[in-house]
Amino acid sequence: MTADAKPSLRSAALNLPNQLTIARVLLSIGLFVCIVRGWFAVAFVSFVVAASTDWLDGYFARRYGMVTVLGRILDPFADKLIICGTYIFLATIPDSGITAAMAVVVMGRELLVTALRSFMESQGTDFSADRSGKIKMVLQCVAAGAGLFQLAFQPDWLRPWLPIIAWAAVAVTAYSGVIYVRRAVVAFYD
């Protein structure tokens, strides 16, 4: 490959997976505005679309070899922005099923794992998301989505399930945090 045929750093950084991640960040901001304005149906749709881009960007990056340093930094940031932000905003609305305590657990776990990941990767250890982290993300999205759906459409059938769904997500979030701490300790002393 000649130097002329090599993709520029800019074009590589702005590949499709990274564009999807940037879209998730922008959708998150729009989502938060919708929650504040009480436009819960639009917020629900925005959340579903934004959460879907998390799966899509990872799929395209791995499938087509488009993993970039920017993507490895921006993707977890976008994930934490949408999840922590949504939990914080929903915690301010009583009928959402999300409480302040839940938001604190979710945010605390995300900050802890981010700090661990940063430290471990600075030591040359791969600290990528594992199965528990992926399951945690799915359950957090289900709980936040259910809270937004309840606020938007007020279905009677969902109301008794909201606390169960939300606390299940929080339990898996805490469990996932413990798994990551254990991984870090094992890797550090290995």
Side-chain angles (χ1 to χ4, degrees), residues 17-18 20-22 24-25 27-28 31-32 47-91 96-149 161-190:
N18 291 345
L20 289 169
T21 302
I22 292 166
R24 187 162 68 256
V25 169
L27 280 167
S28 297
L31 162 69
F32 304 150
F47 182 82
V48 170
V49 171
S52 299
T53 66
D54 182 35
W55 179 83
L56 281 173
D57 66 13
Y59 171 79
F60 285 122
R62 286 184 299 277
R63 169 93 175 159
Y64 298 106
M66 301 167 98
V67 176
T68 65
V69 173
L70 177 63
R72 285 186 49 83
I73 294 167
L74 197 55
D75 183 65
F77 168 75
D79 293 347
K80 282 147 188 51
L81 178 65
I82 191 169
I83 290 300
C84 292
T86 302
Y87 270 71
I88 289 166
F89 279 104
L90 289 179
S96 72
I98 304 296
T99 66
M102 293 173 183
V104 168
V105 170
V106 167
M107 194 159 175
R109 183 266 182 211
E110 299 303 337
L111 291 171
L112 174 64
V113 171
T114 298
L116 286 173
R117 179 173 288 127
S118 177
F119 174 75
M120 296 307 292
E121 291 192 353
S122 75
Q123 302 300 307
T125 302
D126 179 32
F127 210 69
S128 300
D130 68 1
R131 182 179 296 257
S132 71
K134 293 179 188 303
I135 293 169
K136 175 259 333 164
M137 182 66 170
V138 168
L139 290 178
Q140 287 175 342
C141 287
V142 168
L148 288 167
F149 189 86
W161 290 99
L162 277 177
I164 296 165
I165 295 166
W167 281 111
V170 169
V172 171
T173 297
Y175 173 76
S176 171
V178 169
I179 296 297
Y180 277 85
V181 168
R182 184 175 177 277
R183 271 181 64 197
V185 168
V186 168
F188 188 73
Y189 289 107
D190 218 5

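Just so it is clear, the structure is predicted and the values come from calculations on it, not from any experiment.
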When rounded to the nearest 0.5 Å, the distance separating CE of M137 from CD1 of I82 is 6.5 Å

### Query
Would you call D75 and D54 a side-chain contact if the rule is heavy atoms closer than 4.5 Å?
yes

- Task: Side-chain contact test, heavy atoms from C-beta onward, threshold under 4.5 Å: evaluate it for L74 versus F77 and give yes or no.
- Result: yes

Please confirm whether the ring centroid of F119 lies under 6.0 Å from the ring centroid of F127. no

- Message: Determine whether a donor-acceptor pair (N or O, by modelled atom type, separation under 3.5 Å) exists between the side chain of S118 and the backbone of A115.
- Response: no

R131 side chain near I135 side chain, heavy-atom distance below 4.5 Å: yes

Q.
Any non-hydrogen side-chain atom of W167 less than 4.5 Å from a side-chain atom of M102?
A. yes

- Query: Under a 4.5 Å cut-off applied to non-hydrogen side-chain atoms, are Y180 and L112 in contact?
  - Reply: no

Does this structure show an ion pair linking E110 with K136, if we count only N-O contacts that are shorter than 4.0 Å? yes

Is NZ or CZ of R183 both nearer than 6.0 Å to the six-membered ring centre of F188 and within 45° of the ring axis?
no

To the nearest 0.5 Å, atom CG of L139 lies from atom CD1 of I165 at 10.0 Å

Any heavy-atom pair between the side chains of F32 and L81 that's under 4.5 Å?
yes

Minimal heavy-atom distance between I98 and A166, with the atoms involved, is CD1-CB, 3.9 Å

Minimal heavy-atom distance between T125 and A187, with the atoms involved, is CG2-CB, 4.0 Å

- [ ] Answer yes or no: is there a side-chain heavy-atom contact under 4.5 Å between R24 and T21?
- [x] yes

- Query: Is any side-chain heavy atom of F89 less than 4.5 Å from a side-chain heavy atom of S96?
  - Reply: no

Checklist entry - Where the side chain of S176 meets the backbone of V172, is there a donor-acceptor pair that is under 3.5 Å apart? => result no

| task | Please answer whether the main-chain N or O of L56 pairs with a side-chain N or O of T53 as donor and acceptor at a distance below 3.5 Å. | result | no

| said: Taking CE in M120 as the centre, count heavy atoms belonging to other residues, nucleotides or ligands within less than 6.0 Å. Is the count above 12? | reply: yes

Rounded to the nearest 0.5 Å, the CG atom of L116 sits from the CD atom of E121 at a distance of 11.0 Å

Between N18 and G71, the two heavy atoms sitting closest are OD1-CA, 3.1 Å

Correct closest heavy-atom pair for A144 and F47 would be CB-CZ, 3.7 Å

